[in-house]
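Hydrogens, waters and symmetry mates play no part in the numbers below; they use all other heavy atoms, side chains included. Every chain is numbered from 1, with letters handed out A, B, ... down the list of sequences.
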Amino acid sequence: MTGTNNLEYNAQTIEKKWQEYWAEHNSFEPSEDFTKEKKYILSMFPFPSGRLHMGHVRNYSISDAFARFARQEGKNVLHPIGFDSFGMPAENAAIKNNANPKTWTYDNIEYMKGEFKALGFSFSKTRELATSDELYTKFEQGFIIDMYESGLLYREKGLLNWCPHDKTVLANEQVVDGCCWRCDTPIVKKDMNQYYFKITKYADELLDSLKKLEGGWPKQVLTMQENWIGKSNGLEFDLYFDDNSLNILDNKFKSFDVFTTRPETIYGVSYTALAPEHKIVSYMIENNLLSDDVLAQIKDMKNTSSINRQKEKKGISLGLDVLHPLTGKKLPVWIANFVLTDYGSGAVMAVPAHDDRDFDFAKKYSLEIDAVIKPKEGEHDFSKSAFCDVGILFDSAEFNGLNSKKSQYNVIKKFEDEKLGKKTTNYKLKDWGVSRQRYWGAPLPFVHCDDCGLVMEKKENLPIALPSDVEITGEGNPLDKHPTWKHCKCPVCGKDATRETDTMDTFVESSWYFLRFCASPKNWETEAFSKEQMSYWMSVDQYIGGIEHAILHLLYARFFTKVFRDLGYVEFDEPFDKLLTQGMVLKDGAKMSKSKGNTVDPDAIIKKYGADTARLFILFAAPPTQELEWNDNAVEGAYKFIKRFSDRSSHIIKTDKIPSIQHATLCKDEKYARKKVYEALVRAKEVYNEKYTFNTLIAGTMEAINALNTQDNSDLWSEGYWILSSILEPIIPHICWEISNEYFSLNNLTSQKVLDEVFLEDSMTLGVSINGKRRCEIEVAIDESKENIISLAKQKAQKWLEDKEIVKEILVPKKLVNLVVKG
RNA sequence: GCGGAUGUGGUGAAAUUGGUAUACACGCCAGACUUAGGAUCUGGUGCCGCAAGGCGUGGAGGUUCAAGUCCUCUCAUCCGCACCA
């Protein structure tokens, strides 16, 4: 009954053997034949922190399953990997261990490459890169120069987010709850020079083309990006000071402008408020127009972090008045801590009757509350709260009686007709500040010349590489302190000049690495990538990574793609067709982290059980988008399954092609086993192509093996293993290649055909329900008539039908019979 | 407060998209083989009940012959945004 071959399951030996085989045979290199159908599978590349963690293992197990499946289908697969190797941790490690950041980084990369190999991931070796490679820096600096020339990069002095711990500036996206995204230190505002990418120029397009990603990207990520861009339409207009205020201000300011999304409440404006950082406030401070007490209050407000500002509304009256643009009524001007300096114009019109914030403020400082909208039905008590819903306008001149929402347009039109203001759109999105005052990053290729000002380095001088002989102390910018590095000649006039010592945010590197992977390694040295390679490989068919990049990396990468399109490098708008955001790996209900001491080391798991076990467990325990709870027992279970899968291969008879089986001659158990095998195959195709629920696919193969085990037809065992080791190969590749090599001459690792005949059956089991409640079941011939089925059902369910009247009989083909009874 | 998601056995989770709820696995129980078993194999396992039977997808309603799935309300948990005018 069994074949003669036997295979001992020894994960370490088998896995090492196939890893060597794949390396020797360059098994996973994409072809340069651009006529083949391509598949670009990408997972977010790691920072080389030293060792992989389980989140990485999950990420790459998912992408590897996609990549290996696509290869089986005959696609030309690009499945690259690299290292996002610039960044602060390298520098911090250097400070801590007195090491060199570069040495630290590249040592880590070597170690992690070994881990990738040990996990059997099918990455292209020839396209591996590290973003700290000088070649990568060279091309990146070239892009920076192009972007500067196109006005998409500029340098400006501004109020910036400064992390006192990391001693660098951060982009808005990198400030989480008022704290540094990396070290959680509360950020402070600092006035300094900074380089910015003009991402706001693309705000509308970044927002609009989110529509193209619907269906391919998780809804949650699309919503988060939409909110981050934060587009809002409204009215912008000027508020003019009265004569007394003009005198106070010595006519230096005649007015300030405000933005509102609620123009329909214009007749309800009863005061105005400025941000403490507003230029009029600054003017008054500088010209001693405020009392010491007020100055102290303003200073206090400015020094309070945005998080603490939220706790309590505070205001200071400036003793100035502006005139209502329509009624001419005097409106007092206040400073309010809740007015944001960097949104709109940093000043607002306040309508306390119809805005919760304005209401709180008005109550606190006993300011007028003028209602202009009433509910469509009922009354609203304006002494208790603001009314913020849609209603009917009153005390609003010609707009009285109108629906408040609908009259927004009318009010804007009036302002425009009378040249008092204009329709405006505002965005929450700010330009992306990219300079960092740290060492381990790509230098910005600029030179400061006393005569020529800020000039670009010449492209032929790129890369501007980092010096390796630096002293990293954590105090000050090592590039700035280096004795010689920053001294250079001006590329324009040739005189002595100094280099820019700021380096770039590492999110710049990850904004185009997926394009670099498309470059043919043979042209690696001479070009960043080519249009031809781009148009073949891009866009990424399937991108896999963590939700934590929903805004940061994914927004920046989309921005770069659009910029590169406009610079003529590429011809597509969106880089990632489909995005899968994998869930976190948890242990004891919490995210694995060193500080909690609940980590599981991938190396230890590989050593104990092998890579196949780790991969199988990770893909079996939960669907990829869900959180994954680590469970040692279940890992053991995954190992036992693989061992059983291996042991039972002894039933196979060696063959070079799939055995041909006469289905009709099989007995019932055999037919059932065969059906289970093909069901698993159907499910595999569904899962790899659209559903991504690897857990159900694996369950299907387990069912098939359980079913095979109830019979002893060796042809069926062979056919079953031919198919099952093919569909499991993307998940547990080593054992599948071993089995395939041992029994099938590696001929079965290709796309398998579904045979419809195995699903044909001559009888079926139907459930019988009474009033929708399942009572029993019947077995009938596949082509049995409805009458006979119903009558059999009645017979079988007689017990529940006594003294009852059957009022309806329902037959759901191949599923069930439902008898509706009364009495 | 706004937005998004998720609630199914002791546990991780399935459910052909309105048609036999709990597949597959972990755990647990029993048996076999064993000097031994934390190995392997076989069987059992939603809850209550001695049983007949009843109850069961966070809760309450509703639509339907039929609801985990659709509708309304509600509770809980998680995540994201958060004074954006």
Side-chain angles (χ1 to χ4, degrees), chain A residues 176-178 218-224 226-228 230-232 234-235 258-262 265 272-273 275 306-307 309-313 336-340 342-351 354-358 360-361 388 426-429 547-548 550-551 583-584 616-617 620-623 625-638 640-641 643-644 647 679 682-683 686 693 695-706 709 765-778 799 807-821:
Chain A
V176 180
D177 292 337
K219 216 173 154 185
Q220 190 194 7
V221 175
L222 297 175
T223 310
M224 284 168 76
E226 193 183 320
N227 292 342
W228 187 262
K231 181 176 181 171
S232 57
L235 170 69
V258 293
F259 173 74
T260 179
T261 55
R262 305 281 311 277
T265 62
T272 67
S306 63
I307 258 196
R309 278 195 199 183
Q310 284 176 32
K311 284 179 185 157
E312 193 193 351
K313 289 195 170 42
N337 67 342
F338 66 89
V339 178
L340 304 171
D342 52 5
Y343 185 77
S345 55
V348 297
M349 66 175 216
V351 188
H354 305 292
D355 182 286
D356 291 328
R357 297 159 300 182
D358 297 346
D360 291 347
F361 193 84
C388 303
N426 254 306
Y427 299 89
K428 220 179 84 175
L429 181 71
I547 186 84
E548 66 273 19
I551 306 288
M584 283 189 304
L616 181 67
F617 166 73
F620 182 53
T625 53
Q626 245 173 72
E627 288 178 341
L628 172 75
E629 174 72 29
W630 191 265
N631 179 331
D632 291 327
N633 281 324
V635 174
E636 184 85 31
K640 285 179 188 170
F641 169 74
K643 187 167 179 343
R644 217 161 33 237
D647 290 347
E679 272 177 7
V682 169
R683 194 180 285 183
E686 243 174 50
T693 48
N695 53 330
T696 63
L697 177 171
I698 294 164
T701 62
M702 288 174 171
E703 283 182 62
I705 289 165
N706 291 346
N709 207 39
T765 306
L766 300 181
V768 179
S769 306
I770 313 296
N771 288 346
K773 177 80 195 167
R774 183 177 174 276
R775 291 301 183 184
C776 58
E777 59 184 33
I778 52 173
K799 189 172 160 189
V807 295
K808 201 163 183 183
E809 297 161 348
I810 289 146
L811 172 65
V812 182
K814 294 180 185 169
K815 303 274 185 198
L816 57 83
V817 175
N818 190 19
L819 302 173
V820 187
V821 302

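- Map A:Lys814 and A:Asp355 each onto its nearest nucleotide of RNA chain B; the residue landing nearer the 5' end is A:Lys814.
- Ranking B:G27, B:U42, B:U20 by closeness to the A:Asn633 side chain, first place goes to B:G27.
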request  = Please test A:Gln220 against A:Ile547 for side chain to side chain contact (heavy atoms under 4.5 Å, CB included), starting from the C-alpha separation and ending with a verdict.
outcome  = CA-CA 9 Å; A:Gln220 190 194 7; A:Ile547 186 84; 3.5 Å; yes
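- Summarising the geometry of A:Thr260 relative to A:Met349, their closest heavy-atom pair is OG1-CE, 3.6 Å, with the distance given to 0.1 Å.
- Here A:Lys219 does not reach the OP1 or OP2 of B:G3: none of its side-chain N or O atoms lies under 4.0 Å away.
- Residue A:Leu628 holds its CG atom at 12.0 Å from CZ of A:Phe620, rounded to the nearest 0.5 Å.
- When distances are taken from the side chain of A:Arg774 to each of B:U42, B:U20, B:A25, the shortest belongs to B:U20.
- Taking the C1' atom of each, B:A67 and B:G19 are spaced 10 Å apart, rounded to whole Å.
- Rounded to the nearest 0.5 Å, atoms CG (A:Asn818) and CG (A:Leu766) are 12.5 Å apart.
- At least one side-chain heavy atom of A:Phe641 sits less than 4.5 Å from a side-chain heavy atom of A:Thr701.
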remark   = Each base of RNA chain B marked ( ) or [ ] if paired in-strand (Watson-Crick or G-U under 3.5 Å), | if paired to another strand and . if unpaired gives (((((((..(((......[....)))((((((.......))))))(((....)))..(((((..]....))))))))))))....
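- Of all nucleotides listed (B:G80, B:C83, B:U42), B:C83 comes nearest to the side chain of A:Lys313.
- Distance noted for atom P between B:A39 and B:A30: 15 Å (whole Å).
- Taken from CG in A:Asn337 to CD in A:Glu312, the straight-line distance is 8.0 Å, to the nearest 0.5 Å.
- Atoms CD (A:Gln220) and P (B:U6) sit 10 Å apart, rounded to a whole Å.
- Of the P atoms belonging to B:A15 and B:G68, the separation is 15 Å, rounded to the nearest Å.
- The gap from the P atom of B:A23 to that of B:C33 amounts to 30 Å, rounded to the nearest Å.
- Nucleotide B:U34 carries an anti base; the chi torsion (O4'-C1'-N9-C4 or O4'-C1'-N1-C2) is more than 90° from 0.
- When all heavy atoms of A:Phe361 and A:Ala336 are compared, the pair lying nearest together is CE1-CB, 3.8 Å.
- For the C1' atoms, the distance linking B:C24 with B:C71 amounts to 33 Å, nearest Å.
- Cation-pi geometry between A:Lys313 and A:Phe338 is satisfied (NZ or CZ under 6.0 Å from the ring centre, within 45° of the ring normal).
- Nucleotide B:C79 holds its C1' atom 8 Å from the CE atom of A:Met584, rounded to whole Å.
- Of the candidates B:G3, B:G19, B:C83, the closest approach to any side-chain atom of A:Ile810 belongs to B:G19.
- With both ends at atom P, the span from B:G44 to B:C26 equals 15 Å, rounded to whole Å.
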Nucleotides 52-56 of chain B: which of its N/O atoms have a protein N/O under 3.5 Å away?
residue, atom, partner, partner atom, Å
B:G53, OP1, A:Lys799, NZ, 2.7
B:G54, OP2, A:Arg775, NH1, 3.1

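- Sequence order on RNA chain B of the closest nucleotides to A:Ile698 and A:Thr223 puts A:Thr223 first from the 5' end.
- Distances were taken from every side-chain heavy atom of A:Lys640 (C-beta onward) to each of B:C24, B:U40, B:C83; the shortest belongs to B:U40.
- Regarding A:Glu777, its CD atom lies at a distance of 14 Å from the C1' atom of B:A21, rounded to whole Å.
- The residue A:Thr701 sits apart from the nucleic acid: no heavy atom pair falls under 4.0 Å.
- Taking 4.0 angstrom as the limit, A:Asn227 places none of its side-chain polar atoms (N or O) nearer than this to OP1 or OP2 of B:G4.
- Residue A:Val348 has its side chain nearest to B:A85 when only B:A85, B:C24, B:C41 are considered.
- With both ends at atom P, the span from B:C55 to B:G59 equals 15 Å, rounded to whole Å.
- Counting to the nearest Å, the C1' atom of B:G4 and the CD1 atom of A:Ile547 are 10 Å from each other.
- Within the 4.5 Å cutoff, the side chain of A:Cys388 has no heavy atoms near those of the A:His354 side chain.
- Between A:Glu226 atom CD and B:C81 atom C1' there is a gap of 12 Å when expressed in whole angstrom units.
- In this structure, of B:A85, B:G19, B:A82, it is B:A82 that holds the atom nearest to the side chain of A:Trp228.
- Nucleotides B:U72 and B:G3 place their P atoms 15 Å apart, quoted to the nearest Å.
- Across all strands, A:Asn709 comes closer than 4.0 Å only to sugar-phosphate atoms, never to a base (heavy-atom distances).
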key: CA sep, side-chain torsions, deciding dist, call: A:Val768, A:Arg775, side chain to side chain contact (heavy atoms under 4.5 Å, CB included)   = CA-CA 6 Å; A:Val768 179; A:Arg775 291 301 183 184; 5.5 Å; no
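- B:G19 atom C1' lies 14 Å from atom NZ of A:Lys808, rounded to whole Å.
- Taking each heavy atom of A:Ser232 and A:Tyr343 in turn, the nearest pair found is OG-OH, 2.8 Å.
- Among the atoms of the strands shown, none is found under 4.0 Å from any heavy atom of A:Asp356.
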Protein-to-nucleotide contact annotation, 5' to 3' order, nucleotides 12-18 of chain B [B base; S sugar-phosphate only; - none; under 4.0 Å, heavy atom] = BSS-B--
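- If you check every strand for non-hydrogen atoms under 4.0 Å, A:Val812 touches a base.
- At a cut-off of 3.5 angstrom, the base of B:C65 holds at least one donor-acceptor pair with the side chain of A:Asn818.
- Here B:A23 is the nucleotide among B:A82, B:A85, B:A23 with the atom lying nearest to any side-chain atom of A:Glu703.
- Distances were taken from every side-chain heavy atom of A:Val339 (C-beta onward) to each of B:A25, B:A85, B:G27; the shortest belongs to B:A85.
- We find that NZ of A:Lys428 is positioned 12 Å from C1' of B:C83, with the value rounded to whole Å.
- For the atom pair CD1 of A:Ile770 and CG of A:Leu819, the computed distance is 4.5 Å after rounding to the nearest 0.5 Å.
- Taking the O4'-C1'-N9-C4 or O4'-C1'-N1-C2 dihedral as appropriate, B:G9 has a value within 90° of 0 and is therefore syn.
- The side chain of A:Leu816 lies closest to B:G19 when the candidates are B:A85, B:U42, B:G19.
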request  = For A:Glu627 and A:Glu629, run side chain to side chain contact (heavy atoms under 4.5 Å, CB included): C-alpha distance rounded to whole Å, both residues' side-chain angles, the deciding distance at 0.1 Å, then the answer.
outcome  = CA-CA 7 Å; A:Glu627 288 178 341; A:Glu629 174 72 29; over 6 Å; no
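- The CD atom of A:Glu636 lies 10.5 Å from the CG atom of A:Asn631; values are rounded to the nearest 0.5 Å.
- Spacing between atom CZ of A:Phe259 and atom P of B:C83 amounts to 16 Å, rounded to whole angstrom units.
- Two residues are said to be in side-chain contact when any heavy atoms from C-beta on lie closer than 4.5 Å; A:Asn426 and A:Thr261 fail this criterion.
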